[in-house]
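These notes concern the structure reproduced below.
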Amino acid sequence: MNLSYSQMLQAIGLDCAPEAWQSAWPRALATFPSGGIPWLTDAYTQRVLAYYGLDVARFEQPYRQTLQAIREDSILQHLAWLWHTLCVLDEGADPEQVDAWPEIALLERVCPLFPAVILLSGHDTMLRRLEARGQTARFLQSYRQGLAYSCIQDIDYAGAAALSVSRMEWGLHFIQGDIYCLGSLQFIPEIYHGPVYGFTHRPTGRTVLLYKGEQAIDSQGLPTSGKHAAFMTRWEQSGDGITAHEVLPGGRMLPQAVHYPMGELIPLFAPGDAALSVHIPPQTDLSPSAVQQSFNACQAEFSTWPEDKRPRVLTCHSWMLSPQLECILPPDSRVLAFERRFIALPYAGHEKSFLRFVFRQPTDTAYADLREDTSLQRAAKAWLLEGKRLRAGGGLIPFNRL
């Protein structure tokens, strides 16, 4: 089929698409299998669904519906091969960029599990990458669970009839083999891009976090939009020192900037440094001992990496780091103990994280209709119904402080 890129976009109802799609289009056309796409066959489908435990009606039925729609439509076949080329064959699709790929009404209507088809198309490639890196024995079970979760999460956790395109992000980390499953936590090597610089304060030995850049800060000391700004941050650096806003406990900042002489600051981490993103798998063991074992394993794993790739800082963004949790959880909560391991960042997430991961309901669910099956759900629901906010938080740990 002589199909142009513009024809493909028009057929799926898009006026424009990510630049990466257009760049990969000639390569996808040149490699499109003339004998049919192998991962659309019944034999492949039966094998991978059984392998991941996805051969259950609530998933298999819409999955096979999606496969049939793709098989019957050459446009959808080319789109599927384009995504497979980007996400699996090239190993070049940045999962965070895929998170921003457009949701396509046509796919939601006739191919509800199109993103899951693309993720599972990478099954054999994922196994080969694990084997080539000598990681099969260590990580296979976690990868198996993680990819299955990525495919079914919208159905099981949000009660949706389809898998959102944005949900491909987490699954791609498994396909690309860049997740290190060490005990109860998972770690992804990345480049640190945060606006916070970390230092050791030479006179006291404490960690100092300074915010660089112009950012509107609200009356609570957290980042906000301009119309709610109480003040703007500033950063001034000269030969004798740095004047900036210091990140205080709770991730908040005060209107007054502080000055530190350069001789008092030992650099810990900065934007552009190697880093690790910390992920908390569903239903993992968050006991203090299990978390410490994971961090010990992390330090042993990555401390031997080459200097230019050795992480300087660990970051985490999660509902489990919400600063409001201390108001609704008991002091001996494992979640709070985990949260206290991190230095809070000036980050204000959205309530949607709680609706999805705490209540496991669609993100547009009215607060009055939220579940009350657990003590956390009951406490969080009562908090929200009082008109208070529950927002995901962010934190970091310098690698040498694990």
Side-chain angles (χ1 to χ4, degrees), residues 58-59 95-96 98-100 103 115-116 119 142 145-174 179 181 184-188 251 277-287 290-291 294 314-330 333-342 344-345 347-385 388-395:
R58 68 185 186 282
F59 181 86
E96 292 186 4
V98 172
D99 180 52
E103 301 291 344
L119 288 177
S142 295
Q145 294 171 348
L147 191 56
Y149 165 75
S150 299
C151 290
I152 205 169
Q153 57 181 308
D154 275 355
I155 296 173
D156 274 4
Y157 284 71
L163 181 69
S164 166
V165 172
S166 65
R167 301 293 173 248
M168 291 175 61
E169 176 190 1
W170 188 242
L172 285 183
H173 285 297
F174 292 100
I179 294 182
C181 308
S184 61
L185 302 175
Q186 297 172 345
F187 304 87
I188 305 174
S277 174
V278 181
H279 175 69
I280 309 105
Q283 300 178 334
T284 196
D285 183 0
L286 278 184
S287 64
V291 170
S294 285
L314 284 73
T315 65
C316 182
H317 294 85
S318 168
W319 68 267
M320 292 189 187
L321 299 189
S322 169
Q324 290 85 33
L325 285 178
E326 65 181 1
C327 301
I328 65 174
L329 290 177
S333 163
R334 291 184 175 188
V335 172
L336 286 183
F338 177 77
E339 180 184 39
R340 295 184 189 117
R341 296 295 303 260
F342 291 81
L345 287 171
Y347 172 81
H350 199 278
E351 283 93 347
K352 287 183 178 181
S353 181
F354 276 85
L355 298 185
R356 179 174 180 78
F357 294 108
V358 174
F359 295 97
R360 300 186 179 184
Q361 290 179 257
T363 55
D364 59 353
T365 301
Y367 293 161
D369 297 329
L370 293 175
R371 295 192 178 104
E372 299 182 44
D373 300 332
T374 68
S375 58
L376 173 58
Q377 288 175 346
R378 290 190 290 273
K381 179 177 179 178
W383 181 271
L384 291 170
L385 287 175
K388 300 175 182 177
R389 303 200 69 179
L390 269 179
R391 304 193 293 189

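The first residue of the sequence shown is numbered 1, and numbering continues consecutively from there. These numbers come from a predicted model, not from an experiment.
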Would you please test L321 and F342 for side chain to side chain contact (heavy atoms under 4.5 Å, CB included) and show each step?
CA-CA 8 Å; L321 299 189; F342 291 81; 4.0 Å; yes

The test is side chain to side chain contact (heavy atoms under 4.5 Å, CB included); show your working for I155 and L163 and say whether it passes.
CA-CA 7 Å; I155 296 173; L163 181 69; over 6 Å; no

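Contact annotation: the side chain of I280 approaches that of C316 to within less than 4.5 Å [non-hydrogen atoms, C-beta and beyond]. A 4.5 Å side-chain heavy-atom check between F357 and M320 finds every atom pair outside the cut-off. The shortest distance between side-chain heavy atoms of W319 and V358 falls below 4.5 Å.
L384 contributes atom CG, which lies 8.0 Å from atom CD1 of I328 (distance to the nearest 0.5 angstrom). The distance from the CG atom of L355 to the CG atom of D364 is 9.0 Å, given to the nearest 0.5 Å. One finds the CH2 atom of W170 at 4.0 Å from the CD1 atom of I179 (value rounded to the nearest 0.5 Å). Rounding to the nearest 0.5 Å places CG of L390 at 4.5 Å from CZ of F354. The distance from atom CZ of F174 to atom CD of Q145, rounded to the nearest 0.5 Å, is 9.0 Å. Here the CG atom belonging to L329 is positioned 13.5 Å from the CZ atom belonging to R334, to the nearest 0.5 angstrom.
Heavy-atom minimum distance, E103 versus S164: OE2-OG, 2.7 Å. Nearest heavy atoms, P323 versus G393: CD-CA, 4.5 Å. Heavy-atom minimum distance, R371 versus Q361: N-OE1, 2.7 Å. The two atoms that bring L147 and G171 nearest to each other are CD1-O, 3.9 Å, heavy atoms only. Pairing each heavy atom of H317 with each of L345, the nearest pair is NE2-CD1, 4.3 Å. For the residue pair V165 and P115, the shortest heavy atom distance occurs at CA-CG, 3.9 Å.
For S184 (side chain) and L286 (main-chain N/O), no donor-acceptor pair under 3.5 Å exists by modelled atom type. Listed for the Q186 side chain is no donor-acceptor partner under 3.5 Å among the backbone atoms of S142. When atom types are taken as modelled, the side chain of E372 and the backbone of Q377 share no donor-acceptor pair closer than 3.5 angstrom. Remark: the backbone N or O of L185 is paired with a side-chain donor or acceptor of S294 at under 3.5 angstrom. Using modelled atom types, one side-chain atom of Q324 and one backbone atom of R391 make a donor-acceptor pair closer than 3.5 Å.
No more than 12 heavy-atom neighbours from other residues, nucleotides or ligands sit within 6.0 angstrom of CD on E326.
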